Amino acid sequence: MLNLQTSRREPMKLDPIGDWRRTHYSVEIRPELDGQEVILFGWVQEIRDLGGIRFIILQDREGTVQITIPRKKVCSEVLSKSDALQKRYSIGVKGIVKKTEITPRGVEVIPKEIRIFSTATPQLPIDITGKVPAQLEVRLDARALDLCREENIAIFKIQHTAVEAIRSFLFERGFIEVHTPRIIASATEGGAALFPVDYFERKAFLAQSPQLYKEQLVISLEKVFEIGPFFRAEESHTRRHLSEFVSIDIEQAFASAEDVMQLLEQLMQHTCKVVREKCQKELATLNHQVNVPDIPFKRFTYDQLLEDLKKEGIEIPWGEDIPTPAFRTLGKIHPYFYFITDWPTRSKAFYIKPTDNNPEICEGFDLMWRWIELSSGGTRIASKELLIKRLREKGLNPESFKYHLQAFDYGMPPHAGWAIGLERLTMMLTGKKNIREVTLYPRDKFRLTP
RNA sequence: GCCCUGGUAGUAUAGUCCGGUCUAGUAUAGGCGGCUGUCGCCCGCCCGACCCGGGUUCAAAUCCCGGCCAGGGCGCCA
């Protein structure tokens with residue numbers, strides 16, 4: 001239901017920000033600042049009013065700090081402003097830092113002036129202090145507010161740190177960041193379903209992968225990467241699928257699967273290391289640990305894993321994809337990062353290169369973390385002739401790929417690449433078990449809002 | 001798309017098997033009042049709910065059917 005009411009009581013006189021500028025974030029208020037005047041901006045998270053003394057917990061992006069208002073020691077303007085405060089009001093506080101033994105952080109701020117920038121509805125849809133947990137559905141319906149919770153801020157700071165680590169890692173190794181089209185013409189590219197869109201008078205689709213474009217770019221830019229959203233109109237309704245997800249894609253000229261696997265495991269180690277070091281506070285908030293994995297990661301062939309599964313009583317006919325319950329079993333046997341290599345050619349995409357001495361097997365790989373597929377990649381086919389053959393074998397029409405295929409007339413080098421699902425990576429880094437928790441505004445078959 | 005489980009105040013839950021003292025209990029949030037060191041503050045009072053539609057019955061939150069929605073699982077998944 002739409003809440004058209006902006007404020008519960010008579011319209012409150014709001015304050016302008018004026019010449020106030022933030023001097024410190026909440027967490028920067030430390031006992032060493034004792035006696036110093038500071039300006040804080042943020043939101044009221046909690047109010048504990050004991051009558052003669054009132055405690056306001058001010059929250060900002062970085063954390064919280066206690067504002068203490070002793071009734072008889074502050075001026076009447078501060079008192080009346082603090083009387084009006086409610087949870088989630090956006091406020092500014094100018095005050096004096098006071099070192100204290102009584103408060104857990106050893107510091108509080110005694111206000112000299114309070115400015116109220118914005119009010120909030122009194123009955124919030126979820127409990128922002130986390131005393132009464134709400135279900136994910138309720139939280140997602142009130143996502144803008146839900147994202148104010150410390151736990152969620154921690155999740156997205158970790159994701160940000162990971163993306164930053166990945167970008168700088170790839171920049172250092174000479175990869176060029178690119179942006180390929182989200183709107184594409186053809187629906188004939190393969191298995192996964194596409195979302196149709198109206199493109200002027202024509203039908204177009206939302207891209208499900210940058211695969212073909214990044215391959216074309218290796219003949220010019222050689223080493224490219226892209227971080228961006230892609231779309232899959234699948235029926236999937238699981239804890240690890242979204243209709244819109246963020247993919248981290250690389251493609252590298254003059255390289256093989258083994259080269260990009262080494263790059264990938266180094267990147268994973270690097271990312272875990274950076275997150276572990278930079279996000280200690282966030283990981284503590286989430287009560288989660290990130291361990292830095294040793295490299296190289298274990299490499300298992302498809303055949304080896306079929307043997308493992310056989311021992312567990314799960315028989316999979318050779319050539320079939322590994323079903324989800326079997327992956328869960330593998331995750332129990334191998335509770336760490338591992339590669340799966342030597343997949344049957346028929347179980348992988350048309351552009352994955354079959355091995356030279358046995359075309360039944362291909363040079364595709366998956367990077368698993370326990371039972372979750374974090375990344376998949378491989379050596380690509382560089383020969384136009386072979387690519388056309390593989391398209392036909394997959395029941396695809398080479399004519400639909402003519403613009404892609406033309407790149408193979410202009411000196412397509414041997415090349416390889418992979419793609420990481422950012423949200424799945426974030427699940428691993430945060431310990432969250434539902435992909436919707438690590439997505440700001442998740443899109444799935446049933447959810448299109450907010 | 002299929003299977004299982006569920007849908008009770010803003011939120012989270014009890015009650016559902018075995019229909020009737022359910023005028024629907026509790027916690028938290030919200031409103032009002034009190035309290036000078038709280039940090040899940042405390043105390044008192046108040047407000048507030050049985051997903052929608054149909055059926056069975058003297059009587060339905062409770063049983064049956066359909067729908068919608070959610071969680072989990074499966075399938076689908078360059």
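Computed from a predicted model, the values in this text were never measured in an experiment.
The separation of B:rA9 from B:rA61, taken at their P atoms, amounts to 15 Å, rounded to a whole angstrom. Separating the P atom of B:rG15 from that of B:rG55 is a span of 30 Å, rounded to the nearest Å. When the P atom is used for both B:rC17 and B:rC63, the distance is 5 Å, rounded to whole Å.
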Salt bridge (charged side-chain N to carboxylate O under 4.0 Å, His left out) between A:Lys348 and A:Asp321, intermediate numbers included: CA-CA 9 Å; A:Lys348 286 287 176 190; A:Asp321 211 341; over 6 Å; no
Please walk me through it: do A:Gln45 and A:Glu150 pass side chain to side chain contact (heavy atoms under 4.5 Å, CB included)? CA-CA 11 Å; A:Gln45 188 189 49; A:Glu150 260 178 60; 4.1 Å; yes
Pairing string of RNA chain B (Watson-Crick or G-U wobble, both atom distances under 3.5 Å; | = paired to other strand) is (((((((..((((......[....)))).(((((.......)))))....(((((..]....))))))))))))....
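Minimum atom distance to the side chain of A:Pro323 is reached by B:rG75, of the listed B:rC35, B:rG75, B:rC74. Set against B:rG31, B:rC76, B:rG72, the side chain of A:Glu234 has B:rC76 as its closest nucleotide. Here the side chain of A:Glu235 is nearest to one of B:rG72, B:rG37, B:rC76, namely B:rC76. Ranking B:rG31, B:rG37, B:rC76 by closeness to the A:His241 side chain, first place goes to B:rC76.
Considering only residues two or more places apart in sequence or on other chains, A:Gln159 meets the side chain to side chain donor-acceptor pair (under 3.5 Å) condition with A:Thr426.
Across the protein-nucleic acid pair, A:Leu145 atom CG and B:rA29 atom P stand 15 Å apart, rounded to whole Å. One atom, CD1 of A:Ile435, and another, C1' of B:rG72, lie 16 Å apart when rounded to the nearest Å.
Side-chain contact annotation: A:Glu385 with A:Ser383, donor-acceptor N/O pair under 3.5 Å absent. Side-chain atoms of A:Glu234 and A:His241 form no donor-acceptor pair, as typed in the model, at a separation below 3.5 Å. Using a 3.5 Å distance cut-off with no hydrogens or angles, the side chains of A:Arg240 and A:Thr324 do pair a donor with an acceptor.
Within the structure, every side-chain polar atom (N or O) of A:Arg54 is placed at least 4.0 Å from both OP1 and OP2 of B:rG37. Neither OP1 nor OP2 of B:rU38 sits under 4.0 Å from any side-chain N or O of A:Arg48. Between A:His237 and B:rG71, a side-chain N or O to OP1/OP2 separation shorter than 4.0 Å is present.
Within residues 55-78 of chain A, the residues that have a heavy atom under 4.0 Å from RNA chain B are, in order of number, A:Phe55, A:Gln66, A:Lys72. Near RNA chain B, defined here as any heavy-atom distance below 4.0 Å, the residues from residues 443-450 of chain A are A:Lys445, A:Phe446, listed numerically. Within residues 410-432 of chain A, no residue has any heavy atom closer than 4.0 Å to RNA chain B.
Where A:Glu137 and A:Lys87 meet RNA chain B, the nucleotide closest to each residue was compared, and A:Lys87 sits on the side nearer the 5' end. Residue A:Arg436 is the one, among A:Arg436 and A:Thr324, whose nearest nucleotide of RNA chain B lies closer to the 5' end (criterion: closest heavy atom).
Using a 4.0 Å heavy-atom distance criterion, A:Ser236 is classed as a base contact. Residue-level contact check: A:Asp321 touches neither bases nor backbone, having no heavy atom under 4.0 Å from any strand. Within the 4.0 angstrom heavy-atom criterion, only backbone atoms of the sugar-phosphate kind lie near A:Arg328; the bases stay farther away. Nucleic acid contact for A:Ser376: none, since no nucleic acid atom lies under 4.0 Å from a heavy atom of the residue. Heavy atoms of A:Gln45 sit nowhere under 4.0 angstrom from any nucleic acid atom. Base engagement by A:Thr238 is indicated by at least one non-hydrogen atom pair under 4.0 Å involving a base atom.
Classification of the A:Phe339-A:Phe297 ring pair by plane angle, with boundaries at 30° and 60°, yields tilted.
A:Arg392 CZ: 12 or fewer foreign heavy atoms inside a 6.0 Å radius. In the displayed structure, A:Lys394 atom NZ is contacted under 6.0 Å by more than 12 heavy atoms of other residues, nucleotides or ligands. Dense packing is recorded around CD of A:Glu177, with more than 12 heavy atoms of other residues, nucleotides or ligands lying under 6.0 Å away. When the shell of 6.0 Å around CZ of A:Arg30 is examined, it contains 12 or fewer heavy atoms from other residues, nucleotides or ligands. The environment of CG in A:Asn287 is sparse: at most 12 heavy-atom neighbours from other residues, nucleotides or ligands sit within 6.0 Å. For A:Tyr403, the OH atom is loosely surrounded, since the number of other residues' heavy atoms within 6.0 Å does not exceed 12.
A heavy-atom distance below 4.5 Å is not found between the side chains of A:Tyr338 and A:Arg299.
A:Phe117 and A:Phe41 have their aromatic ring centers within a separation under 6.0 angstrom. Under the 6.0 Å cut-off for aromatic ring centres, A:Tyr213 and A:His404 do not qualify, their centroids lying 6.0 Å or more apart.
If you take CG on A:Leu263 and CD1 on A:Ile250, they are separated by 5.0 Å, rounding to the nearest 0.5 Å.
Salt-bridge formation is not detected for the pair A:Arg182/A:Glu244: no Lys NZ or Arg NE/NH1/NH2 atom is positioned less than 4.0 Å from an Asp or Glu carboxylate oxygen.
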Walk along nucleotides 8-16 of chain B from 5' to 3' and tag each nucleotide B, S or - by protein heavy-atom contact under 4.0 Å, base first, then sugar-phosphate. --BBSS---
